[in-house]
Protein chains: 2
Amino acid sequence: MNIGEVSTRANLPAKTIRYYEEIGLVKPLRDTNGYRAFRESDVHKLVFLGRARALGFTIEDCRALTALWEDKARASADVRNIASDHLIQIEAKIADLQAMHETLSHLVSSCAGDDRPDCPILQSLEKVTR
Amino acid sequence: MNIGEVSTRANLPAKTIRYYEEIGLVKPLRDTNGYRAFRESDVHKLVFLGRARALGFTIEDCRALTALWEDKARASADVRNIASDHLIQIEAKIADLQAMHETLSHLVSSCAGDDRPDCPILQSLEKVTR
DNA sequence: ATAAAGGTTCCAGTCAGGGGAAGGTCAAGA
DNA sequence: TCTTGACCTTCCCCTGACTGGAACCTTTAT
């Protein structure tokens, strides 16, 4: 199977798949013409990678997850640890963004948004109250 | 004022300040010895930049915001537009992260996390249901 | 025969800095 | 006066996870 079909089936850009090969996440075979020859198992793995990336796992997380995925004797605790670490990071990011959102939405709602130059947003950014 | 003091007062790493000069966000003078010579107004601006970056504005947003900040005749609407665009992006990110969080926390709580190899997290990542 | 569509590699760029080397400058203490 | 250590300078490479583009090769359809 050529990269185009894999791209469609795994819903990943061809560039991304080539990149994943470059960093050793997938290892497709090669045809005599130099084209990558993907097996079903490669597609399967790329789908897995796409799902994991969409959930915000880093590439290194993905490397660990696919290694566990391919290890039939793995302990589920190993997978769970990666996932719950990631969950904690997601929670921290959400909290950060919510704090930003609160501050900014206060500012936006306090700004007239008209032609006059006085703007509470800029006034607030000016303060040294970090 | 040398970069070290500015770094302390603006609460930004010296590397960051040099970078901001490189991309034209600040333009400190130079002493005869080649050291950067910052004015109070530079510090003021760097504090502003630090605040804006902490609120997640991009560098280009910051460039626009400082231009408006320094333009005494600006319309507050211009500032408000930048800020509310940014607010929308923050909201989208929060929604994304919350969706990830929901999916992942379901998975984590359904995983035994023991020594056995069967793991619902991996099983779910395997599905093509993107 | 030719053109379009698909494949290949390689290079460079993104964003917002961080790390570290090699070297110049300054202030304080012996 | 010398030296030590803190501070400053530029320079270049590195990050993550790709993306864009150039130059070139192969396959397929007309």
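Proteins come first, then strands; the chains are lettered A, B, ... in the order of their sequence lines, and each starts at number 1. The figures that follow rest on heavy atoms only: side chains count, while hydrogens, waters and symmetry mates do not. Just so it is clear, the structure is predicted and the values come from calculations on it, not from any experiment.
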- [ ] Kindly write out the residues that satisfy side-chain hydrogen bond (donor to acceptor under 3.5 Å, both in side chains) with Glu5(B), not counting sequence neighbours, or none if the list is empty.
- [x] none
Open item on the list: Filter on salt bridge (Lys or Arg N to Asp or Glu O under 4.0 Å), then keep only pairs touching residues 17-33 of chain B, sequence neighbours left out; what's left?
Closed with: Glu21(B)-Arg30(B), Glu21(B)-Arg36(B)
Task: Donor-acceptor contact present, side-chain Thr58(A) to main-chain Asp61(A), <3.5 Å - done: yes
- [ ] Specify the residues of residues 88-95 of chain B, ordered by number, for which at least one heavy atom lies under 4.0 angstrom from an atom of DNA chain C.
- [x] none
- [ ] Can you sort out the partners of Glu70(B) under side-chain hydrogen bond (donor to acceptor under 3.5 Å, both in side chains), two or more places apart, ordered by chain and number?
- [x] Lys45(B)
TODO: Could you tell me the separation between the CZ atom of Phe38(B) and the P atom of dC7(D), rounded to a whole number of Å?
DONE: 16 Å
Task: Within residues 64-99 of chain A or reaching into it, pairs that qualify as ring pair (Phe, Tyr, Trp, His ring centres under 6.0 Å) - sequence neighbours excluded - done: His44(A)-Trp69(A), Phe48(A)-Trp69(A), Phe57(A)-His86(A)
Task: ring pair (Phe, Tyr, Trp, His ring centres under 6.0 Å) contacts touching residues 12-38 of chain A (sequence neighbours left out) - done: none
TODO: Classify every nucleotide of nucleotides 17-30 of chain D by which part a protein heavy atom approaches to under 4.0 Å, writing B for the base, S for the sugar-phosphate alone and - for neither, in 5'-to-3' order.
DONE: BBSBB----BS---
Task: Note, Leu12(B) side chain near Ser7(B) side chain (heavy atom, < 4.5 Å) - done: no
Open item on the list: Looking at Ser76(B) and Cys111(A), would you say the former's side chain and the latter's main chain have a donor-acceptor pair under 3.5 Å?
Closed with: no
TODO: Name all residues meeting the salt bridge (Lys or Arg N to Asp or Glu O under 4.0 Å) criterion together with Lys93(B); count only those two or more places apart in sequence or in a different chain, and write none if there are none.
DONE: none
Open item on the list: Classify Ile23(B) by what it touches in the nucleic acid, base, sugar-phosphate, or nothing, heavy-atom distance under 4.0 Å.
Closed with: nothing
- [ ] Could you check whether Arg18(B) gets within reach of a base, just the sugar-phosphate, or nothing at all, counting any heavy atom under 4.0 Å?
- [x] base
Open item on the list: Let me check the geometry of the helix from dA1(C)-dT30(D) to dA30(C)-dT1(D). What is the bend angle between the axes at its two ends, five pairs each, to 10°?
Closed with: 30°
Open item on the list: Once salt bridge (Lys or Arg N to Asp or Glu O under 4.0 Å) is applied, do any residues pair with Asp78(A), and if so which ones, sequence neighbours excluded?
Closed with: none
Open item on the list: Using a 3.5 Å distance criterion without hydrogens, assess whether the side chain of Arg80(A) forms a donor-acceptor pair with backbone atoms of Ser110(B).
Closed with: no
- [ ] Report the distance from atom CG of Leu49(A) to atom C1' of dG16(D), rounded to the nearest whole Å.
- [x] 15 Å
Task: Donor-acceptor pair, side chain of Asp42(A) and main chain of Arg39(A), under 3.5 angstrom - done: yes
Task: Pair listing, side chain to side chain donor-acceptor pair (under 3.5 Å) test, anchored in residues 100-109 of chain A, at least two apart - done: His101(A)-Glu91(B)
TODO: Name the first nucleotide and the last nucleotide along DNA chain C (5' to 3') that come under 4.0 Å of a heavy atom in chain B.
DONE: dA16(C) to dC26(C)
